[in-house]
Amino acid sequence: MEDYIDTKVFQQMVASCSGAVLTSLFVTPLDVVKIRLQAQKNPFPKGKCFVYCNGLMDHICVCENGNSKAWYKAPGHFSGTLDAFIKITRGEGIRALWSGLPPTLVMAVPATVIYFTSYDQLCAALRVRMGDYAQEAPLLAGAIARVGSVTVISPLELIRTKLQAQKQSYRELTACIRTAVQSEGLLSLWRGLGPTLLRDVPFSAMYWYNYETGKKWLCEWYSTREPTFAITFLSGAVSGSIAAIVTLPFDVVKTKRQVELGELQAKNLSCLVSSSTFSVMSRIVAQDGFGGLFKGFLPRLIKVAPACAIMISTYEFGKAFFHKHNQERVLGTLQTSNT
């Protein structure tokens, strides 16, 4: 099967950026509705935090004055998901369904561009170097690319969380970060990186390996050399679902640590946050049993599967477009030179 190795790095970045934007546009309304329903059944008290995630990025939001952030209005009475969609649209306008979009785009687009572009470049290089083991290249490339993107974005995630938690000015935030670095060192900017890597690196490795394997199998099944949009969409959804289920315990641990950190920051007690991944996991098991590590199974699956499917199919479509464009340009150049 022909790979789109001849697409340029900039073209891969444009394709991944387009995928991130489209994924955010499609999946954000689902999480807006989910948060509204959660707030209705379990009202968020002042100072408490909740995690907003649209399949690409997590966002910590701190409730103020008994309500949440401004882009999450006080909930009305919703009887279900469809009823919430209708009432939010009628009462606040259709734009309210995308009210959490700006923070997502600010963080998700650069992270996705780094991640997908790094994966493509690494996978192409590893396939050449690994010889007989080239079929394992997506697994290794996916893991390395995720380590790089998460590590780069982690300090920005911490800064954004502090801004959401305490409404600080940029001068106050700079002083706070400088104090933290002086007292705890530069590694304080990567607080929470451990559980994030434990969740995202295995997810990425499994996702890309299963995706490439599934895409190849479907192409052989339908006797086609190049994957269609339907093939990439289905492969992305299935591989994303498998990876989401396997890594769910680490997602639960990461969410709990983020929420605890956000609540303590809101009360100026962030210095008390020192829980390791193992201790948080042990506490969850002690309180809720092993089933507690798989809380949110269905919401995560419903969110991750379409997000992965939309992201990868859009990305592959973008690469195919640029691949065809490059071919036509080369052919046009050759015809011009021959004449």
Side-chain angles (χ1 to χ4, degrees), residues 16-44 49-64 67-113 115-116 157 160-161 164 203 229-230 232-234 236-238 240-241 243-244 248 251 254-255 258-259 295-315 317-318:
S16 57
C17 180
S18 302
V21 172
L22 279 178
T23 303
S24 299
L25 289 173
F26 275 101
V27 183
T28 294
L30 296 175
D31 217 72
V32 170
V33 169
K34 187 199 76 171
I35 291 295
R36 295 291 189 92
L37 290 171
Q38 284 181 337
Q40 175 178 266
K41 296 173 183 177
N42 303 293
F44 302 129
C49 297
F50 64 91
V51 176
Y52 164 78
C53 174
N54 71 347
L56 284 178
M57 296 293 292
D58 296 341
H59 305 292
I60 298 298
C61 300
V62 182
C63 305
E64 300 172 353
N67 277 316
S68 55
K69 282 289 184 183
W71 47 276
Y72 280 125
K73 308 294 182 183
H77 179 70
F78 306 128
S79 59
T81 301
L82 181 60
D83 184 58
F85 268 108
I86 294 172
K87 287 183 177 177
I88 292 172
T89 303
R90 286 179 179 174
E92 305 171 35
I94 195 168
R95 291 178 62 184
L97 294 174
W98 285 271
S99 50
L101 188 60
T104 298
L105 295 178
V106 169
M107 294 292 294
V109 170
T112 305
V113 168
Y115 173 46
F116 275 76
E157 177 78 11
R160 182 187 49 75
T161 300
Q164 286 182 327
F203 179 98
F229 185 87
T232 57
F233 190 93
L234 181 59
V238 173
S241 299
L248 181 58
D251 183 60
K254 177 180 180 291
T255 298
Q258 281 184 319
V259 170
K295 278 186 177 179
F297 167 80
L298 191 58
R300 177 164 165 79
L301 193 61
I302 291 173
K303 192 187 307 175
V304 170
C308 288
I310 295 169
M311 179 65 221
I312 192 62
S313 54
T314 305
Y315 180 60
F317 178 83

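Starting from 1, each residue takes its place in the sequence as its number.
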Visitor: Test of understanding: with side chain to side chain donor-acceptor pair (under 3.5 Å), list the residues that count as partners of Tyr115, not counting sequence neighbours.
Guide: Ser204, Trp208

Visitor: Check whether more than 12 heavy atoms from other residues, nucleotides or ligands sit under 6.0 Å from atom CD1 of Ile86, and answer yes or no.
Guide: yes

Visitor: Sequence neighbours excluded, which residues qualify as side-chain contact (heavy atoms from CB on, under 4.5 Å) partners of Phe85?
Guide: Pro29, Leu30, Val33, Thr81, Leu97

Visitor: Please name the pair of heavy atoms, one in Val304 and one in Gly240, separated by the smallest distance, quoted to 0.1 Å.
Guide: CG1-O, 3.8 Å

Visitor: List in chain and number order the residues that pass side-chain contact (heavy atoms from CB on, under 4.5 Å) with Ala309, two or more places apart in sequence or in another chain; answer none if no residue qualifies.
Guide: Phe233, Ala237

Visitor: Considering all heavy atoms of both residues, which atom of Val109 and which atom of Cys17 are nearest to each other, and what is their separation?
Guide: CG1-SG, 3.7 Å

Visitor: Enter the distance from Phe317:CZ to Ser18:OG here, rounded to the nearest 0.5 Å.
Guide: 10.0 Å

Visitor: If I compare all heavy atoms of Gly236 with all of Ile312, which pair ends up nearest, and what's the gap?
Guide: CA-CG2, 3.7 Å

Visitor: What pairs with Thr232 under side-chain contact (heavy atoms from CB on, under 4.5 Å), at least two apart in sequence or on another chain?
Guide: Tyr211, Lys215, Pro227, Ser313, Glu316

Visitor: My understanding is that only residues two or more places apart in sequence, or in another chain, count here; which of them pass side-chain contact (heavy atoms from CB on, under 4.5 Å) with Val238?
Guide: Leu234, Ile242

Visitor: When rounded to the nearest 0.5 angstrom, what is the spacing between OG1 in Thr89 and CZ in Arg95?
Guide: 13.5 Å

Visitor: Which atom names give the shortest non-hydrogen contact between Ile88 and Ala96, and what distance separates them?
Guide: CG2-CB, 3.8 Å

Visitor: Under 4.5 Å between any side-chain heavy atoms of Thr23 and Thr314, yes or no?
Guide: no

Visitor: Using 0.5 Å steps for rounding, measure from the CZ atom of Phe203 to the CG atom of Leu248.
Guide: 11.0 Å

